[in-house]
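Below, all heavy atoms of this structure are taken into account, side chains as well, without hydrogens, waters or symmetry copies.
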Amino acid sequence: MKRKLAVLLAGTMVMASLVGCGGSDAASTETAAPAEETAEEAPAEEAAEEAPAEEAAGDTIKVGFAQVGHESDWRAANTQNYQDTFSAANGYELSFVDADNDNAVQLEAVRTFIQQEMDYICIAPIETAGWDTVLQEAQDAGIPVLIVDRSVDADPSLYETQIGCDMVLEGETAGNWLAEYLNGEAANILVIEGTVGASATLGRTEGFNKVAAEHSEWTILDSQSGDFTQAGGQEVMESFIKSYSDFNVVVCQNDNEAYGAMDAMDAAGITYGVDGDVIIISYDATHDGLQYTLDGKINCNVECNPLQAEFAADVIQKLEAGEAIDPVTVVVDQAFVAPGITSQYATTMTQEVLDGRAY
């Protein structure tokens with residue numbers, strides 16, 4: 001890596017011993033200033049002791065993070081987690097780009113990170129396809145890339161590791177819970193998918209459909225993208241209500257879509273949740289989503305843990321130390337169900353569980 005090569009070359013030029021220090025640039029400047037003011041009076045031994053402090057900035061690890069956008073509460077929690085983890089206090093300099101769900105903007109952000117000679121690049125890809133070229137450019141520049149949250153359809157040799165939740169398993173969990181809950185009863189299902197081409201959308205759809213195929217009494221009436229937004233979920237649900245009158249299950253591929261779907265059903269006078277006519281399944285298990293679960297408005301909420309930055313930081317520290325890393329790091333999820341529901345696939349939601357959540 002470029003950073004390691006630069007440190008090695010610096011080591012051959014500096015006679016004083018290097019001291020590992022994870023400080024920020026500002027901290028290094030404050031340390032160096034007094035040394036300059038007393039340079040003529042300071043003994044040679046003291047001047048030598050100041051040399052490592054001047055190099056403290058070299059220990060700062062520069063990380064570029066190309067985020068999907070800010071389309072959901074989950075995404076906001078994920079972004080905050082990266083900003084908190086890759087902070088100056090922790091020895092990092094984070095360059096962050098919100099791509100606002102624009103694939104072209106995200107690709108350009110990664111190319112900018114390459115030009116800026118980042119030490120590492122983290123990408124939460126908007127779409128799975130189209131990454132080979134820019135990943136090759138990063139590899140040619142000697143910059144390790146971590147694929148985070150989602151996945152890409154690219155040669156795995158072009159990136160160091162993939163970190164995230166098992167989206168297919170999330171879909172299967174939702175499907176298995178529904179089968180358990182219905183216990184052989186028929187289901188007419190409407191699905192509000194996430195962003196087209198996103199690995200979360202593809203994985204959750206694949207997993208749920210796998211279980212649905214095992215139940216002849218289930219019918220998926222329609223499936224459309226709500227783009228992981230509340231407005232999108234409401235718009236799709238409004239369209240569904242105009243087209244279908246016999247549905248009894250709505251699957252929303254994230255919490256924000258579920259909020260929009262509930263708004264649409266409220267306006268149409270359709271009841272939902274534990275005491276309603278429509279079963280709602282959601283994904284992400286954000287704080288507000290779990291509050292709705294606790295209130296009995298969402299029947300089942302499958303978690304996608306947004307606190308993933310610590311896993312990325314662990315990978316980076318291992319790479320810095322020259323240690324081997326796993327090609328895939330799976331962030332473990334849970335599922336939660338409304339009070340009064342017991343399940344082998346999910347935890348019954350309580351106020352104590354909600355209060356203990358970090359996001």
Side-chain angles (χ1 to χ4, degrees), residues 71-72 74 101 127-128 150 165-182 185-266 268 270-273 276-286 289 292-293 297-304 333 335-337 345-346:
E71 76 288 350
S72 64
W74 188 96
N101 273 292
E127 298 179 6
T128 58
R150 299 178 176 179
C165 302
D166 188 334
M167 305 297 182
V168 176
L169 181 59
E170 289 176 4
E172 291 176 352
T173 298
N176 287 329
W177 172 81
L178 182 61
E180 177 190 54
Y181 186 70
L182 290 175
E185 294 182 10
N188 289 327
I189 305 167
L190 293 170
V191 180
I192 304 178
E193 297 183 4
T195 302
V196 175
S199 61
T201 301
L202 299 172
R204 289 169 183 168
T205 300
E206 177 186 341
F208 186 83
N209 287 352
K210 177 182 177 181
V211 178
E214 300 170 356
H215 294 274
S216 59
E217 72 277 16
W218 292 9
T219 300
I220 297 179
L221 300 172
D222 207 339
S223 184
Q224 295 182 25
S225 171
D227 211 24
F228 286 132
T229 68
Q230 182 167 342
Q234 181 173 350
E235 181 179 355
V236 171
M237 194 67 227
E238 289 171 346
S239 175
F240 283 162
I241 291 170
K242 293 176 181 178
S243 302
Y244 305 98
S245 60
D246 58 346
F247 62 91
N248 63 342
V249 179
V250 175
V251 179
C252 303
Q253 290 191 345
N254 82 337
D255 284 340
N256 289 79
E257 289 179 340
Y259 309 154
M262 288 188 287
D263 288 341
M265 285 188 281
D266 285 338
I270 298 171
T271 61
Y272 52 83
D277 294 327
V278 176
I279 298 166
I280 294 184
I281 297 173
S282 185
Y283 295 84
D284 279 1
T286 59
Y292 280 117
T293 307
K297 294 183 178 181
I298 292 176
N299 299 73
C300 178
N301 204 327
V302 182
E303 180 185 44
C304 182
D333 295 321
F336 302 89
V337 288
Y345 300 104

Within the distance-only criterion (no hydrogens, no angle test), does the side chain of [X] pair as donor or acceptor with the backbone N or O of [Y] below 3.5 angstrom?
X	Y	result
Thr229	Gly232	yes
Trp74	Asn254	no
Ser239	Glu235	no
Ser225	Asp227	yes

So do [Y] and [X] actually touch side chain to side chain, heavy atoms under 4.5 Å?
X	Y	result
Ile192	Met237	yes
Val302	Phe336	no
Met167	Cys304	yes
Val249	Val278	no
Thr128	Leu202	yes

Which atom names give the shortest non-hydrogen contact between [X] and [Y], and what distance separates them?
X	Y	result
Leu182	Ala187	CD1-CB, 3.6 Å
Glu238	Ala264	CG-CB, 3.7 Å
Gly194	Gln253	N-OE1, 2.9 Å
Val250	Cys252	CG1-SG, 3.7 Å
Tyr283	Glu170	CE2-O, 3.5 Å
Gly226	Val236	CA-CG2, 4.0 Å

More than 12 heavy atoms from other groups under 6.0 Å of CD on Gln224 |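 Enclosed: over 12 neighbouring heavy atoms sit under 6.0 Å from CD of Gln224.
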Roughly how far, to the nearest 0.5 Å, is [atom2] of [Y] from [atom1] of [X]?
X	Y	atom1	atom2	result
Glu214	Asn176	CD	CG	7.5 Å
Ile270	Met262	CD1	CE	13.5 Å
Ile241	Met265	CD1	CE	6.5 Å
Asn299	Leu178	CG	CG	9.0 Å
Leu190	Ile220	CG	CD1	10.0 Å
Thr271	Lys297	OG1	NZ	12.5 Å

Going by the side chain to side chain contact (heavy atoms under 4.5 Å, CB included) test, name the single residue among Ile281, Ile280, Val337 that passes it with Ile298.
->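 The option that passes is Ile280.
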For the residue pair [X] and [Y], confirm or rule out a side-chain donor-acceptor distance under 3.5 Å.
X	Y	value
Tyr292	Asn301	no
Thr201	Glu193	no
Asp277	Asn248	no
Tyr244	Asp222	yes
Glu257	Ser282	no

Verdict with reasoning, Gln230 to Asp263, per side chain to side chain contact (heavy atoms under 4.5 Å, CB included) = CA-CA 9 Å; Gln230 182 167 342; Asp263 288 341; 3.1 Å; yes
Give me the ring orientation class for Tyr181 and Trp177: parallel if the planes are under 30° apart, tilted from 30 to 60°, perpendicular past 60°.
-> parallel
Indicate the ring-plane relationship of Phe208 and Trp218, choosing parallel, tilted or perpendicular according to the 30° and 60° boundaries.
->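 Ring orientation, 0 to 90° scale: parallel.
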Below 4.0 angstrom, N of the basic side chain to O of the carboxylate: do Arg204 and Asp284 qualify?
->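 Looking at Asp284 together with Arg204, the answer is yes, because their closest N to O distance falls below 4.0 Å.
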